[in-house]
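Notes follow once the structure below has been shown.
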There are 2 protein chains.
Amino acid sequence: MAERTAPGGVQSVERVFDLLELITDAGGQMMLSELATASGLPGPTIHRLLRTLAAKGYVRQLANRRYALGPRLVRLGEGASQQMGAMARGELTRLVDQLGETANIAVIDSDMVLYVAQVASRHSMRMFTEAGRRAHMHDTGVGKAILAQLRDETVRAIVARAGMPTPTSRSIGNVDDLIAELHVIRERGYAVDDGEQEIGVRCFAMAVPNAPTPTAISVSGPVSRVDDSFAERAVPLLREAAESISRNVNLVSGG
Amino acid sequence: MAERTAPGGVQSVERVFDLLELITDAGGQMMLSELATASGLPGPTIHRLLRTLAAKGYVRQLANRRYALGPRLVRLGEGASQQMGAMARGELTRLVDQLGETANIAVIDSDMVLYVAQVASRHSMRMFTEAGRRAHMHDTGVGKAILAQLRDETVRAIVARAGMPTPTSRSIGNVDDLIAELHVIRERGYAVDDGEQEIGVRCFAMAVPNAPTPTAISVSGPVSRVDDSFAERAVPLLREAAESISRNVNLVSGG
DNA sequence: AGATAACTTCCATAATGTGGAATATCTGAA
DNA sequence: TTCAGATATTCCACATTATGGAAGTTATCT
């Protein structure tokens, strides 16, 4: 019809993943009628698609007829996580060894950042950002590092869709301030999150150059440990790590 | 063609998930030609399917043209994992109320156990197994409960791939001892981990029957509290919980 | 460099997926 | 309990959609 069709895209495959994303957005389970209104697809079509997924275990139908994400997705997700992690884990571990703070790798995922892997520091006081967690872009180090690689108008579109909540008094609350901050990040080569997501937590982040999906890595910890002298040591190590990961992601890496 | 067609199944959807599973089995990345021989599908068909996935971020194409699992799968997997947890949380909470010790649910995930959800006891001294954590199978209660449901040769293959580290002096260190232990577990109906992962921690575990992915639940705590009289109370409650979760997880077709 | 293997694009074909209409099932009200 | 309204599922005629052989590209090996 009037809808734009992606070239070479297989319709039913696109639809089935749209449905899975909708269910995920809704917290893991949905009624068929809800999916119909959310997706705009006719009931029988959705039913047939979900039936196919259910037969393979990617979706489960509950007793109340609702459809829920199925256990087989866990394995695929874990595999994808390991895949990204395999390319980055060595470098993240090295960062943790060298700096003693928690290291993360995150990618952009529909207007937010998705934490793909984490190597935790051995300190008892540390962040709990689990792999698979999503966060806003404007108030995280990795998010700002990624945004700094995009064009300003793209950034505006992203925050318009995702919103700009201000979890702390230091969070950036409007687009123009964010754009200004991104200019600083581009000059400087790395992003800083100084208590923008949580007071007392500071984070240094850097984009992974030429990644297929915009990607960034970070080290973060309490301000008491993550100070100016930490930054001096961290920035060159972050750069090394980002470049090394870039090489891994783009070239072959047996793991 | 003369092939059997699944009733109501959407071909391209089935194929696309078969491909994702193949890539996962192969460790996260594969060449198109490898997929062609493994799946029996013609090259152009695979290419079109993967291109659709790649456009949405469920697969990434590396510089050497190999296809790897993409970052968007991470989020779906995480959602599915939480979903499993949601179905079990009520039962786990009841176990904690009844027994006063921490309850876990875990699934098998590429030769290891993946802790999907945990309800912690109120005791200050307790286990710290976080949801999302993976552990070996041979030295955990949930792992052994799951292995006891599999055929011996499958068990041998799993431990051959995953290895059998012995974190404590009580850990099982060779396959034959493990197989013997699994026979005991099958007879008895539940698994015990008595300090095999950490000295002083005891755990009772039971498989969730007929789960789509092999699954088990457990209660664990310090030996001082988790003794014989605890076992007497725990085992019937574990069985009830496992059966209840089984009913939740499997689609209740009879109403 | 040339040869070989692997990947990608093209396009005629019909098999495949589609969705409106009909039917079955569930949920809540009286 | 029975009934009405909402929701899910099955059916099936139709053409849109996916298919895969053949041809064209691009990488890798010798």
Side-chain angles (χ1 to χ4, degrees), chain A residues 1-20 22-23 26 29-56 58-68 70 212 250-254, chain B residues 1-20 22-23 26 29-56 58-68 70 247-248 250-255:
Chain A
M1 306 299 272
E3 279 289 341
R4 280 184 55 192
T5 315
V10 177
Q11 188 186 63
S12 45
V13 172
E14 286 173 351
R15 288 176 167 184
V16 102
F17 279 97
D18 287 348
L19 292 175
L20 286 173
L22 283 172
I23 297 174
Q29 53 183 68
M30 254 178 140
M31 294 197 305
L32 193 137
S33 59
E34 293 173 327
L35 279 168
T37 49
S39 66
L41 296 174
T45 299
I46 295 170
H47 182 259
R48 181 163 14 83
L49 259 19
L50 290 180
R51 163 195 277 263
T52 308
L53 289 179
K56 298 206 150 233
Y58 299 106
V59 142
R60 250 22 261 181
Q61 185 165 30
L62 309 177
N64 45 334
R65 286 174 151 199
R66 294 173 75 88
Y67 288 92
N250 288 299
L251 296 171
V252 193
S253 180
Chain B
M1 306 294 274
E3 280 291 339
R4 280 182 54 191
T5 315
V10 176
Q11 187 185 65
S12 46
V13 172
E14 288 173 348
R15 287 176 167 185
V16 102
F17 278 98
D18 287 348
L19 292 176
L20 286 173
L22 283 172
I23 297 174
Q29 51 183 72
M30 255 178 138
M31 294 198 304
L32 193 143
S33 57
E34 292 173 327
L35 280 168
T37 49
S39 66
L41 295 174
T45 300
I46 295 172
H47 181 257
R48 180 160 17 79
L49 259 18
L50 289 179
R51 166 192 275 263
T52 308
L53 290 179
K56 297 207 150 231
Y58 299 105
V59 141
R60 295 180 308 123
Q61 185 165 29
L62 308 176
N64 48 335
R65 287 169 155 203
R66 294 174 74 88
Y67 289 92
R247 259 174 265 123
N248 276 341
N250 289 293
L251 64 92
V252 189
S253 47

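Below, chains carry the letters A, B, ... as their sequence lines are ordered, and counting in each starts from 1.
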A:L19 CG to C:dG17 C1', in whole Å, measures 14 Å
Rounded to whole Å, the CZ-C1' distance (B:R66 to C:dA6) equals 13 Å
Which nucleotide in the list D:dG20, C:dG20, C:dT18 gets nearest to the side chain of A:P44?
C:dG20
Any idea which of C:dT18, D:dG20, D:dA18 is nearest the A:R48 side chain?
C:dT18
Listed nucleotide nearest any side-chain atom of A:R51, set D:dA18, D:dA22, D:dT10
D:dT10
With sequence neighbours left out, what residues match B:A26 under side-chain contact (heavy atoms from CB on, under 4.5 Å)?
B:M30
Using the side-chain heavy atoms of B:Y67, tell me which of these nucleotides is nearest: C:dG19, C:dT8, D:dT7.
C:dT8
Whole angstrom value for the distance that separates P of D:dT7 from CG of A:L50:
16 Å
To the nearest angstrom, how far is A:L49 atom CG from C:dG17 atom P?
10 Å
Under the side-chain contact (heavy atoms from CB on, under 4.5 Å) test, which residues partner A:R66, sequence neighbours left out?
A:Q29, A:M31, A:E34, A:L62, A:N64
Under 4.0 angstrom, heavy atoms only, what part of the nucleic acid is B:S12 near: base, sugar-phosphate, or nothing?
sugar-phosphate
Whole angstrom is fine here: how far is it from CD1 in B:I46 over to C1' in D:dA18?
15 Å
Please determine, for the side chain of A:H47, which listed nucleotide (C:dG19, D:dT9, D:dG20) has the closest atom?
D:dT9
If a protein heavy atom is under 4.0 Å from the base, mark B; if only from the sugar-phosphate, S; if neither, -; do that for nucleotides 23-30 of chain D going 5' to 3'.
---S----
Closer to the 5' end of DNA chain D via nearest nucleotide, is it B:Q11 or A:M30?
A:M30
Within residues 32-41 of chain A, which residues have any heavy atom lying less than 4.0 Å from an atom of DNA chain C?
none
Whole Å only: how far is the CZ atom of B:R15 from the P atom of C:dA15?
14 Å
Exercise: identify the closest heavy-atom pair between B:L22 and B:S39
CD1-CB, 3.8 Å
Residues two or more places apart in sequence or in another chain: which of them pass ring pair (Phe, Tyr, Trp, His ring centres under 6.0 Å) with A:F17?
B:F17, B:Y58
As a test of reading the structure: which of C:dT18, C:dC7, C:dG20 is closest to the side chain of B:Q61, going by heavy atoms?
C:dC7
